[in-house]
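Structure record follows, encoded as structure tokens.
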Amino acid sequence: MKIFIAGATGRVGEELIKNLAAKGHDIYAGARRDQDIEATDSIKPVHLDLHGTVDEIADTLADAEAVYFVAGSRGKDLLQTDLYGAVKLMQAVEQKGIKRYIHLSSLFALQPDKWSEALTEYNIAKFFSDNWLIDKTKLDYTILQPGTLKEIPGSGKITTDITEKSENAIENVAAVLAALLNQDNTIKKVILMGDGDTPIEEAVKKI
């Protein structure tokens, strides 16, 4: 499958590319710093500016059959990138007639009563982008909401039974994102996750 990844130079994006390329997919690796991406037979760097217009973003999608949003400004550009950039990408995806859309969000983004004060502005951006995806599009979306991202080795095991804060190895988050692609049972679902005891493929199939 031909897959477009928005946020290809981020921590999750880099791991996601490895996962999808290993599964035999062709990747359009979209990023503002596309010069930092190494091109291979299966990975094509693409310049993506989420400050651009919907039409400009649509042009970068080429002939992609599925799109991932894993971009993030690390708190530096929440409105333009994490919120409006995400919405414009959704609009561009629909404009191109692409249906499958997988969106990386934040744990409890749709439950303001569970937000931590330190991440309030980030969660506001995710709250509105998640709601736009659910209410304003007809995409075959999946929203993944992991907790705190950790640069630790992934165990390959997770839980989706989340009621409190969770920690997530970045490798596990990327592996889950990759596993969601062809799982129709995850379409139109919001999935909370944390590191746990269930193998990723098994956990995803049970959603």
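All heavy atoms count here, side chains included; hydrogens, waters and symmetry mates do not.
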Within a radius of less than 6.0 Å around [atom1] of [X], do more than 12 heavy atoms belonging to other residues, nucleotides or ligands occur?
X      : atom1 : result
Asn131 : CG    : yes
Glu164 : CD    : no
Asp41  : CG    : no
Asp63  : CG    : yes
Lys189 : NZ    : yes
Glu121 : CD    : no
Lys114 : NZ    : yes
Lys96  : NZ    : yes

Would you compute the distance between atom [atom1] of [X] and atom [atom2] of [Y] and round it to the nearest 0.5 angstrom?
X      : Y      : atom1 : atom2 : value
Thr81  : Arg74  : OG1   : CZ    : 13.0 Å
Gln145 : Thr160 : CD    : OG1   : 12.5 Å
Ile5   : Tyr28  : CD1   : OH    : 12.5 Å

Taking [X] for the side chain and [Y] for the main chain, is one N or O donor matched with an acceptor at less than 3.5 Å?
X      : Y      : result
Glu56  : Thr53  : yes
Asn168 : Lys150 : no
Asn172 : Gly156 : yes
Lys126 : Leu104 : yes
His25  : Ile3   : no
Thr142 : Thr186 : yes
Tyr122 : Leu78  : no
Glu94  : Lys138 : yes
Lys88  : Leu50  : yes

Could Glu15 and Lys18 be called an ion pair, given the rule that one side-chain N must be under 4.0 Å from one carboxylate O? yes

Looking at Arg100 and Glu65, is any side-chain nitrogen of the basic one under 4.0 Å from a carboxylate oxygen of the acidic one?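 Answer for the salt bridge query: no.
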
Let me check something: do [X] and [Y] share a hydrophobic cluster, defined by ILVMFWY side-chain heavy atoms less than 4.5 Å apart, either directly or through other members?
X      : Y      : result
Leu119 : Ile143 : no
Ile152 : Leu16  : no
Leu181 : Val67  : no
Leu61  : Phe69  : yes
Ile200 : Ile187 : no

Exercise: do Ser73 and Asp77 side chains pair donor with acceptor under 3.5 Å: no

With distance as the sole criterion, is a donor-acceptor pair present between the side chains of Gln111 and Asp113 under 3.5 Å?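 Side-chain D/A pair, Gln111 to Asp113: absent.
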
Side chains of [X] and [Y]: does their closest heavy-atom pair fall under 4.5 Å?
X      : Y      : value
Tyr68  : Leu177 : yes
Val173 : Leu144 : yes
Trp132 : Thr137 : yes
Gln91  : Gln95  : no
Lys99  : Asp140 : yes
Ile191 : Val204 : no
Leu192 : Phe108 : yes

If every non-hydrogen atom of [X] is compared with every non-hydrogen atom of [Y], which pair is closest and at what distance?
X      : Y      : result
Ile170 : Leu149 : CG1-CB, 3.9 Å
Thr120 : Glu117 : OG1-O, 3.0 Å
Gly194 : Ile162 : N-CD1, 3.6 Å
Ala31  : Ile37  : CB-CD1, 4.0 Å
Met193 : Ile158 : CE-CG2, 3.7 Å
Leu89  : Tyr101 : CD2-OH, 3.6 Å

Evaluate side chain to side chain contact (heavy atoms under 4.5 Å, CB included) for Met90 paired with Leu139, printing each intermediate quantity in order. CA-CA 8 Å; Met90 296 169 202; Leu139 295 169; 4.3 Å; yes

Which is it for Glu171 and Asn19 under the side-chain hydrogen bond (donor to acceptor under 3.5 Å, both in side chains) test, yes or no, and what are the steps along the way? CA-CA 9 Å; Glu171 290 179 356; Asn19 273 271; over 6 Å; no

Derivation of the side chain to side chain contact (heavy atoms under 4.5 Å, CB included) call for Ser166 and Leu107: CA-CA 8 Å; Ser166 70; Leu107 189 68; 3.7 Å; yes

From Asp82, Asn123, Asp130, residue fulfilling side-chain hydrogen bond (donor to acceptor under 3.5 Å, both in side chains) relative to Ser106: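 For Ser106, the side-chain hydrogen bond (donor to acceptor under 3.5 Å, both in side chains) test succeeds with only one of Asp82, Asn123, Asp130, which is Asn123.
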
Please say whether the positively charged group of Lys2, taken as NZ for Lys or CZ for Arg, lies over the ring of Phe4, i.e. under 6.0 angstrom from the six-membered ring centre and within 45 degrees of the axis.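 No.
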
